[in-house]
Amino acid sequence: MPKMLAVQIPNAHGEFQIVEREIPEPGFGAVRLKVQACGICGSDRYAKEGLRPEITYPRVPGHEVAGVIDAIGPGVAGWEVGQHAGVGWHGGHCGYCNSCRRGDFVTCSIARQITGLTCDGGYTQYMVVSAAALAKIPDVLSDTEAAPLFCAGVTTFNGLRNSGARDGDLVAILGLGGLGHLGVQFAAKMGFETVGIARGKDKEPFARTLGAKHYIDSESQNPAAELEKLGGAKVILSTVTSGKAVQAVLGGLGINGRLILVGNPDQPLEVQGRLLIGGRRSISGWPSGSAIDSEDTLAFCALTGIRPMTEIYPLERASEAYDRMQSGKARFRVVLEIAK
Ligand SMILES: [Zn+2]
Ligand SMILES: [Zn+2]
């Protein structure tokens, strides 16, 4: 049997292992990708540290996968060998639960697959993907550019395009990291009056380069008061994990304003009921998207020139690359380049 290199997590809290495995064969309804690049996401921690009950080990992590279709299993229509495609967090769905029957595959309640968690992901040379979870990659995007769009990209793009904000509305992006640097670009290209909020005055020129019309330094300024001065935000897309930082912007929501969490805050949020009631404000969240949402995200990037900023590592240095992502110092997404 032909072999491949993969990086696996042997058990919860285990160290990454580089192993030789047999190249998997695609079963019914699935294709095999020759993986070209895989982004490293903060949520890979769930697999690394065993933070979700559905994970079994050993597990190959990675849910920002760009590759080329290399083999097609039985029962697959609409895909060809040699096509450029990828997969994100959403790895498959049952097709018959109430969510699926409503076309809402991301909230599938019976057999939801999460790439790199419930099935093997992209820290490998080859992987099998459910055809229903597969998204096309436009030719103008390189593999290392495409990969991060399958999680960081689709999450921010989809959160914003479903936010209810309209052209010209004041939309703030809280945080300027892996998610936020994409969020600001999307918000600006979607035609929103875009506000970047981050810690430190030094990030202002960068935020403006990405397309922010306004910048708020949450260290020296009160972000809620500053947003209020601008008329109040229609949407605040929160990409940070600091619950305190999220708390500090809530008062900046305008009438009918909505805070959308795409980053998971490290503590429960406290909110005054009157803030929500009086101005019909709300707090919600947004969970990435399905295959067609990823495809829309990549097409929008191809159309507008939006690209993630990346740091590239080879597969063999996955452990170091993961630590780099965890350090919070990467600018801004760490990506494994597996083949060129
Ligand atoms: Zn992710
Ligand atoms: Zn379902």
Side-chain angles (χ1 to χ4, degrees), residues 7 9 29 35 37-49 51-52 54-55 59-66 86-123 127 129-133 135 144-159 175 177-183 186 237-241 260-265 285-294 297-298 301 308-311 318 321-322 324-326 328 330 332-336:
V7 174
I9 301 164
V35 180
C38 183
I40 296 185
C41 177
S43 303
D44 293 349
R45 210 165 59 89
Y46 294 127
K48 180 80 167 62
E49 308 301 339
L51 300 176
R52 310 245 315 207
E54 63 266 52
I55 310 171
R59 177 60 70 222
V60 176
H63 58 267
E64 292 188 333
V65 189
V87 63
W89 175 261
H90 180 73
H93 49 272
C94 75
Y96 57 87
C97 72
N98 283 353
S99 279
C100 286
R101 290 167 66 207
R102 292 181 202 283
D104 188 4
F105 305 128
V106 172
T107 59
C108 172
S109 58
I110 293 183
R112 186 165 77 115
Q113 296 294 322
I114 302 174
T115 312
L117 250 69
T118 65
C119 52
D120 282 337
Y123 291 26
M127 70 178 281
V129 179
S130 164
T144 53
E145 288 169 344
L149 299 174
F150 281 94
C151 181
V154 64
T155 302
T156 47
F157 175 78
N158 222 16
L179 292 165
H181 88 290
L182 285 166
F186 284 130
L237 186 78
S238 173
T239 70
V240 300
T241 53
I260 302 174
L261 299 173
V262 290
N264 186 8
W286 193 270
S288 68
S290 64
I292 197 68
D293 295 314
S294 293
T297 305
L298 275 77
C301 291
M309 293 173 68
T310 55
E311 293 183 5
Y322 177 84
R324 176 70 180 161
M325 178 280 298
Q326 284 280 81
F332 285 87
R333 295 300 278 186
V334 178
V335 180
L336 299 172

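Atoms within a ligand are numbered from 1 in the order they appear, just like the ligands themselves. In this text the structure is predicted, and so the values were computed from the model without any measurement. All values below come from the heavy atoms of this structure, side chains included, with hydrogens, waters and symmetry mates left out. Numbering starts at 1 and runs along the sequence shown.
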message: With 2.8 Å as the limit, count the protein N, O or S atoms near the Zn ion (ligand 2).
response: 4
field: Separation between CD1 of Ile40 and OG1 of Thr310, rounded to the nearest 0.5 Å
entry: 12.0 Å
- request: Measure distances from the Zn ion (ligand 1) and count the protein N, O or S atoms below 2.8 Å.
  value: 3
field: All side chain to side chain contact (heavy atoms under 4.5 Å, CB included) counterparts of Ser294, not counting sequence neighbours
entry: Ala135, Phe150, Val154
- line: Heavy-atom closest pair (Ser99 atom, Thr107 atom, distance to 0.1 Å) is OG-OG1, 2.9 Å
- request: Run the salt-bridge test on Glu64 and Arg333 with the 4.0 Å N-O cut-off and return the result as yes or no.
  value: yes
statement: The reported gap from CG in Asn98 to SG in Cys108 (rounded to nearest 0.5 angstrom) is 10.5 Å
- prompt: Sequence neighbours excluded, which residues qualify as side chain to side chain donor-acceptor pair (under 3.5 Å) partners of Glu311?
  reply: Arg324
- request: State, yes or no, whether a side-chain contact exists between Ser130 and Gln113 at a heavy-atom distance under 4.5 Å.
  value: no
- prompt: His63 vs Trp89 aromatic rings, parallel, tilted or perpendicular, using cut-offs 30° and 60°?
  reply: perpendicular
query: Could you state the interatomic distance from CZ (Arg45) to CG (Leu51), rounded to the nearest 0.5 Å?
result: 5.5 Å
